[in-house]
Amino acid sequence: MPVSSPGRTAVFVDGCRLPFQRAGTGYADLMAYDMGRMVLRHLLTRTGLPPDRVERVVMGTVVQDVNTSNVARESALAAGIPNHVPAFTVTMACISSNQAVTSGVDLLRTGQADIMIAGGTETLSDPPVRLKRPVRKRLFQARKAKSTGDYLDLLDGLSPGDLLPETPAIAEFSTGEVMGESADRLAAMFGISREDQDRYALRSHEKAAAARDDGRLDEELAPATVPPAFDPITTDNVIRDDTSLEQLHDLPPAFVEPFGTITAGSSSALTDGASATLLMAEEVAEAEGVAPRAALRTYTYVAQDPEMELLLGPAYAIPEVLDEAGLTLDDIDVIELHEAFAGQVLAVLEALRSDTFAAEHLNRTEAVGAVEMDRLNTRGGSLSLGHPFGATGARLVMSAVNRLHDEDGRWALVSACAAGGQGHALLLERRPS
């Protein structure tokens, strides 16, 4: 059920993110905690907000490090936010920092906080690698071993394969499928061609490169400094300036061979990064003399069949928030839609303009509507900017707010799919500069 605006109005004041980097590159030696610490510190510096004014910190993450399982708390402490400020971490796959933001909205609306930070952080350069379960069980039992014989008994029944490390898989626990396989099925269900996907992927990179070159991305980027050189990282390195339709066309199927249509070029890359937003209750911002940039209005979360509709969440979430707000797609000036795969984006757009989908899945008499492409992801998206799982949601929000002001719009729509067959949508309303 959509959540509208009871109580106080939550507003977006400012936001920033570290430049996103392909996994294994710029942030390869950092923990998610390191990136979280840096982005929180940057947000406090750029807003001039004293750290002791923050009342709550919420951050999203997906691939957790057991040493910093509540990475929001560890990042907040390291950023200089006082000990007495509570912080908690949320995880909801690719919409984890969306959940962080809306958790903040709820805290502000209900008066549990006046000023708070919501964001996310993720490293995919150093995912946790563990021993397999039979070995882990033996190590637990080894605490009681006293003799050489006891230790030798622990080896009984182990095979050489049990000693190999176990790496995490980006796959659905419920179905066993990797997300790319589901994306291929979704594209086939909606008749999305390989050529259309390649064209959309190229569009994403071209839009991102143009926004980088003309400075439109600058307002959301905060430089990262990585030891030991501490040379600042100032730009996203996922954007492919040199790609072309011909290069994309030559890529083989990445997940379903030989007839799949999803390739590495039309898939979001494994990415490291962090993002943070400053949120306030509107009346508090006014009392502080702070000019909020947008009000956070109706939001919703949805869930579908993770086998057949894993990435279709936005097609269900978007009509919910529009209906709750009494708006249509024609009223929306800015749309920021998470790009897990080009085929996923195009399938969602097809579902929204389909009368059949509306009747069979949304209990509507007509389609939700067609998305005008000149309103969609005009600065690129996850395909080109990168997709740190726990940080993308806050990036979508700050991109939407920045675009509202730069493009002179009133309403923005943020939406994203997530593993587990879940989805999210959020409406933002511009506040005057």
Side-chain angles (χ1 to χ4, degrees), residues 13-54 56-65 67-83 85 87-90 96-97 100-101 104 116-127 212 217-238 270-279 385-399 402:
V13 175
D14 204 351
C16 63
R17 65 179 177 89
L18 302 185
F20 290 171
Q21 303 288 289
R22 284 183 181 272
T25 62
Y27 306 141
D29 295 326
L30 299 184
M31 299 171 66
Y33 147 82
D34 294 311
M35 290 181 285
R37 166 183 55 80
M38 274 194 281
V39 80
L40 293 180
R41 189 68 246 171
H42 276 299
L43 183 65
L44 293 171
T45 299
R46 71 185 278 161
T47 60
L49 180 73
D52 60 3
R53 298 300 310 282
V54 179
R56 202 71 60 90
V57 177
V58 190
M59 298 189 80
T61 199
V62 178
V63 185
Q64 295 192 1
D65 187 323
N67 293 311
T68 55
S69 56
N70 187 0
V71 72
R73 174 63 169 169
E74 304 300 340
S75 298
L77 290 173
I81 294 173
N83 296 342
V85 178
F88 64 94
T89 302
V90 295
S96 293
S97 59
V101 169
M116 63 156 304
I117 292 174
T121 184
E122 196 79 56
T123 177
L124 293 173
S125 290
D126 185 26
R212 178 202 60 204
L217 292 181
D218 291 348
E219 58 190 325
E220 67 188 51
L221 291 175
T225 52
V226 179
F230 293 99
D231 293 329
I233 294 173
T234 59
T235 60
D236 305 303
N237 75 356
V238 183
L270 297 179
T271 313
D272 303 334
S275 56
T277 64
L278 176 60
L279 311 178
L385 298 173
H387 174 35
F389 298 158
T392 287
R395 195 272 300 168
L396 292 169
V397 170
M398 72 181 73
S399 294
N402 291 338

With sequence neighbours left out, write down each residue that passes side chain to side chain donor-acceptor pair (under 3.5 Å) with Asp29, or none if nothing qualifies. none

Rounded to the nearest 0.5 Å, what separates atom CE in Met31 from atom CZ in Arg37? 10.5 Å

Value for CG (Leu278) from CG (Leu40), rounded to nearest 0.5 Å, stands at 11.0 Å

In the structure I gave you, are the side-chain heavy atoms of Val71 and Asp65 within less than 4.5 Å of one another anywhere? no

What residues form a side chain to side chain donor-acceptor pair (under 3.5 Å) with Thr277, not counting sequence neighbours? none

Who are the side chain to side chain donor-acceptor pair (under 3.5 Å) partners of Asn83, not counting sequence neighbours? none

Looking only at heavy atoms, the pair that brings Ala100 and Ala118 closest together is O-CB, 3.5 Å

Looking only at side chains, do Asp272 and Gln21 share a donor and an acceptor under 3.5 Å apart? no

Would you say that Leu279 contacts Val101 through its side chain, given a criterion of any heavy-atom pair below 4.5 Å between the two side chains? yes

Return yes if some donor-acceptor pair links the side-chain N/O of Thr89 with the main-chain N/O of Ala72 below 3.5 Å, else return no. yes

Can you tell me which residue pairs pass the salt bridge (Lys or Arg N to Asp or Glu O under 4.0 Å) test with a partner in residues 41-52, sequence neighbours excluded? Asp14-Arg46

Applying side chain to side chain contact (heavy atoms under 4.5 Å, CB included), name anything that partners Ala28, two or more places apart in sequence or on another chain. Ser125

Is there a side-chain contact between Val63 and Glu122 (heavy atoms, below 4.5 Å)? yes

Arg212 side chain reached by Asp236 side chain, heavy atoms, under 4.5 Å: no

Just by distance, do the side chain of Ser97 and the backbone of Gly390 share a donor-acceptor pair under 3.5 Å? yes

Is the shortest heavy-atom distance from the side chain of Phe88 to the side chain of Arg56 under 4.5 Å? yes

Heavy-atom pair with the smallest gap, counting every atom of Tyr33 and Ser75: O-OG, 3.4 Å

Which donor-acceptor pairs under 3.5 Å do the side chains of residues 218-227 make with protein atoms, sequence neighbours left out?
unit_1: Glu219; atom_1: OE2; unit_2: Arg379; atom_2: NH1; d: 3.3
unit_1: Glu220; atom_1: OE1; unit_2: Ser399; atom_2: OG; d: 3.3
unit_1: Glu220; atom_1: OE2; unit_2: Arg17; atom_2: NE; d: 2.7
unit_1: Glu220; atom_1: OE2; unit_2: Arg17; atom_2: NH2; d: 3.1

Looking at Asp126, Thr271, Asp34, Leu18, which one forms a side-chain contact (heavy atoms from CB on, under 4.5 Å) with Tyr27? Leu18

Short side-chain to backbone donor-acceptor contact, Ser96 and Gly60, under 3.5 Å: no

Any heavy-atom pair between the side chains of Ile81 and Leu44 that's under 4.5 Å? yes

So how far is it from Leu385 CG to Asn237 CG, rounded to the nearest 0.5 Å? 11.0 Å

Check for a donor-acceptor pair, side chain of Thr121 on one end and backbone N or O of Ala32 on the other, with a separation under 3.5 Å. yes

Result of checking Val54, Leu77, Ile117 against Val85 for side-chain contact (heavy atoms from CB on, under 4.5 Å): Val54

Flag side-chain contact, heavy atom, 4.5 Å: Leu124 against Phe389: yes

What closest approach, in Å, do Ala394 and Gly119 show between heavy atoms, and which atom pair accounts for it? CB-CA, 4.1 Å

Using side chain to side chain contact (heavy atoms under 4.5 Å, CB included), reason through Cys16 and Val39 one step at a time and then give a plain yes or no. CA-CA 7 Å; Cys16 63; Val39 80; 4.1 Å; yes

Hey, what do you get for CZ (Arg53) to CE (Met116), rounding to the nearest 0.5 Å? 14.5 Å

Approximate separation, where rounding is to 0.5 Å, of Ser275 OG and His42 NE2: 13.0 Å

